[in-house]
Q: 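The structure is given below, and queries will be raised subsequently.
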Amino acid sequence: MATTSRPPVHPVDEVLPPARLAAFGLQHVLAMYAGAVAVPLIVGGALKLSPADLAYLITADLLVCGIATLLQCVGWWRFGVRLPIMQGCTFAAVSPMVLIGQDGGLPAIYGSVIVAGLAMVLLAPVFGRLLRFFPPVVTGTVILVIGLSLLPVAGNWVAGGAGSADFGAPRNIGLAAAVLLAILLIQRFAPDVLARVAVLAGIVAGTAAAVPLGFTDFGAVGDADWLGISTPFHFGTPTFQGAAVVAMLVVALVTMTETTGDIIAVGELTGRRAEPGRLADGLRADGVSTVLGGVFNTFPYTAYAQNVGLVGLTRVRSRWVVATAGGILVLLGLLPKLGAVVAAIPAPVLGGAGLVMFGTVAASGLRTLATVDFHGTANLMVVAVSLGVGLLPVGVPTVYERFPDWFRTIMDSGISAGCVTAIALNLLFNHWPAGGRERAAGEPAERGA
């Protein structure tokens with residue numbers, strides 16, 4: 001009697017035993033948790049939301065993070081890349097959303113987020129053909145600007161939070177320094193399993209130390225519900241402001257570029273390279289998740305680079321592991337008490353962790369730029385001027401104070417300003433038919449771009 005052997009299962013599609021799925025899935029959650037809650041904390045803090053509203057933002061974010069991750073890993077029809085990719089709120093949208101929210105409130109943010117998500121769905125099929133306009137010199141510069149633009153946020157946290165009565169008090173800076181030191185020591189000396197969640201471990205240790213020192217209390221946790229579901233348009237019906245929509249469309253392009261890089265990286269790590277069709281499926285999932293973010297009171301979504309690194313470190317390539325992590329996030333998003341706990345974390349603790357998180361984003365940009373050919377001046381000028389334009393509103397926040405609101409919504413964000421500049425200068429120096437003295441001397445048009 002002949003036996004038929006089943007074809008080997010690709011490691012990406014391998015379903016591990018339940019215990020291993022849970023353990024590895026929880027590890028992915030822990031690796032991205034601090035970054036995932038940072039965006040609602042930044043935006044909610046800048047808009048001076050109440051602790052209850054801040055907790056609501058966090059639980060809504062975790063819920064949609066889980067749904068977005070499940071869609072990306074499991075897939076449905078032409079949505080989802082079906083690779084082990086974790087989804088979370090993009091830092092690229094932070095500055096524009098704060099500016100939009102200060103002018104039009106959360107409804108204006110969510111209106112622009114919904115439009116941006118729909119645009120991502122529509123652009124997904126053609127975006128793969130435009131990848132040559134987003135080479136490492138552009139993506140690396142944008143990621144570097146993102147990290148550097150967010151460092152002042154961490155600085156405000158270190159000092160105690162913008163507007164706090166004890167802003168800059170030595171005890172605030174001391175607590176932040178202790179958290180930073182704890183993260184570094186854990187990263188250097190702890191076992192690998194703990195070192196991979198050094199940021200979260202530092203936050204937990206810092207918060208535990210902050211309670212007896214009088215930095216915070218968890219009184220609001222007792223008032224929070226055990227179970228809750230984020231309802232659509234909790235903060236009001238979305239409004240659609242032209243300048244806000246334009247700013248968020250720029251963020252959508254940045255997000256698609258970011259996700260594209262992560263998909264390509266995971267494809268190489270797992271041995272299942274992303275073809276144009278699969279890439280488009282992943283970008284469509286990003287767009288749908290972003291629309292869901294606007295509906296369910298959260299923000300734009302992208303792939304998380306720290307989890308890409310975790311796939312490489314653990315060599316666990318199963319997408320079902322990350323899908324399990326998505327399921328864990330959904331459960332966490334249904335527990336408002338957890339959001340209240342996170343909202344009670346004192347600002348200096350977040351500051352110590354933020355220095356690591358945002359610095360890591362900037363370092364990732366430098367790593368990408370390390371692959372760029374800087375012979376000649378073309379790519380050097382792209383990076384130099386884009387950094388200058390992108391960091392100008394970070395260093396001098398009032399530089400565009402006399403300009404129209406629509407201009408300020410775009411250019412007051414260092415991320416948006418840097419991205420637009422990098423794309424334009426890359427076109428000028430590396431794609432314009434007559435551009436570049438190096439090219440006239442025989443350099444290929446795409447070299448180092």
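The first residue of the sequence shown is numbered 1, and numbering continues consecutively from there.
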Q: Check step by step if side-chain contact (heavy atoms from CB on, under 4.5 Å) holds for Met248 and Val115.
A: CA-CA 8 Å; Met248 202 57 65; Val115 173; over 6 Å; no
Q: Mind checking whether Leu49 and Tyr56 have side chains closer than 4.5 Å, heavy atoms only?
A: no
Q: State, with a plain yes or no, whether a side-chain heavy atom of Val322 is found less than 4.5 Å away from one of Ile85.
A: no
Q: Nearest 0.5 Å, please: how far is CG in Leu283 from CG in Leu122?
A: 12.5 Å
Q: Hey, could you give me each pair passing salt bridge (Lys or Arg N to Asp or Glu O under 4.0 Å) that has a residue in residues 55-78? Not counting sequence neighbours.
A: Arg78-Asp281
Q: Can you list the steps and then say if Val349 with Trp157 is a side-chain contact (heavy atoms from CB on, under 4.5 Å)?
A: CA-CA 8 Å; Val349 171; Trp157 282 346; over 6 Å; no
Q: Would you say Thr298's side chain and Gly294's backbone share a donor-acceptor pair under 3.5 angstrom?
A: no
Q: Test side-chain contact (heavy atoms from CB on, under 4.5 Å) on Gln72 and Leu70; report intermediate values, then the result.
A: CA-CA 5 Å; Gln72 197 70 276; Leu70 285 167; over 6 Å; no
Q: Sub-3.5 Å donor-acceptor pair from the side chain of Asn172 to the main-chain atoms of Ala159, do we have one?
A: yes
Q: For residues Ser149 and Leu391, determine if any side-chain heavy atom of one lies less than 4.5 Å from a side-chain heavy atom of the other.
A: yes
Q: For a 4.5 angstrom cut-off between non-hydrogen side-chain atoms, does Ile100 reach Ser112?
A: yes
Q: Given 3.5 Å as the limit, does a donor-acceptor pair link the side chain of Thr90 with the main chain of Pro300, or not?
A: no
Q: Does the side-chain contact (heavy atoms from CB on, under 4.5 Å) test come out yes or no for Val158 and Leu355, once each step is laid out?
A: CA-CA 9 Å; Val158 167; Leu355 289 174; 4.1 Å; yes
Q: Report yes or no: does Arg284 contribute a side-chain atom to a donor-acceptor pair with the main-chain N or O of Phe79 at less than 3.5 Å?
A: no
Q: Using a 3.5 Å distance criterion without hydrogens, assess whether the side chain of Ser289 forms a donor-acceptor pair with backbone atoms of Tyr301.
A: no
Q: Let me confirm one number: the CG-CD1 distance from Leu279 to Ile263, rounded to the nearest 0.5 Å.
A: 5.0 Å
Q: Nearest 0.5 Å, what's the CD1-CG distance between Ile423 and Leu428?
A: 14.0 Å
Q: What I want to check is whether the side chains of Asn379 and Asn430 have a donor and an acceptor closer together than 3.5 Å.
A: yes
Q: Do you see a donor-acceptor pair shorter than 3.5 Å between the side chains of Ser386 and Thr141?
A: no
Q: Do Thr255 and Met120 make a side-chain contact, defined as non-hydrogen atoms from C-beta onward lying under 4.5 Å apart?
A: yes
Q: CG/Leu292 to SG/Cys65 distance, rounded to the nearest 0.5 angstrom?
A: 12.0 Å
Q: Do the charged groups of Arg82 and Asp13 touch, with an N to O distance under 4.0 Å?
A: no
Q: Quick one, Thr270 and Leu83 - any side-chain contact, counting heavy atoms below 4.5 Å?
A: yes
Q: Would you indicate whether the side-chain heavy atoms of Phe403 and Met411 approach each other to under 4.5 Å?
A: no
Q: Just wondering, do Thr290 and Phe299 contact through their side chains at under 4.5 Å, heavy atoms?
A: no
Q: How long is the gap from OG1 on Thr421 to CG on Leu392, to the nearest 0.5 Å?
A: 10.0 Å
Q: Give, for atom CG of Leu54 and atom CG of Leu57, the distance between the pair rounded to the nearest 0.5 Å.
A: 6.0 Å
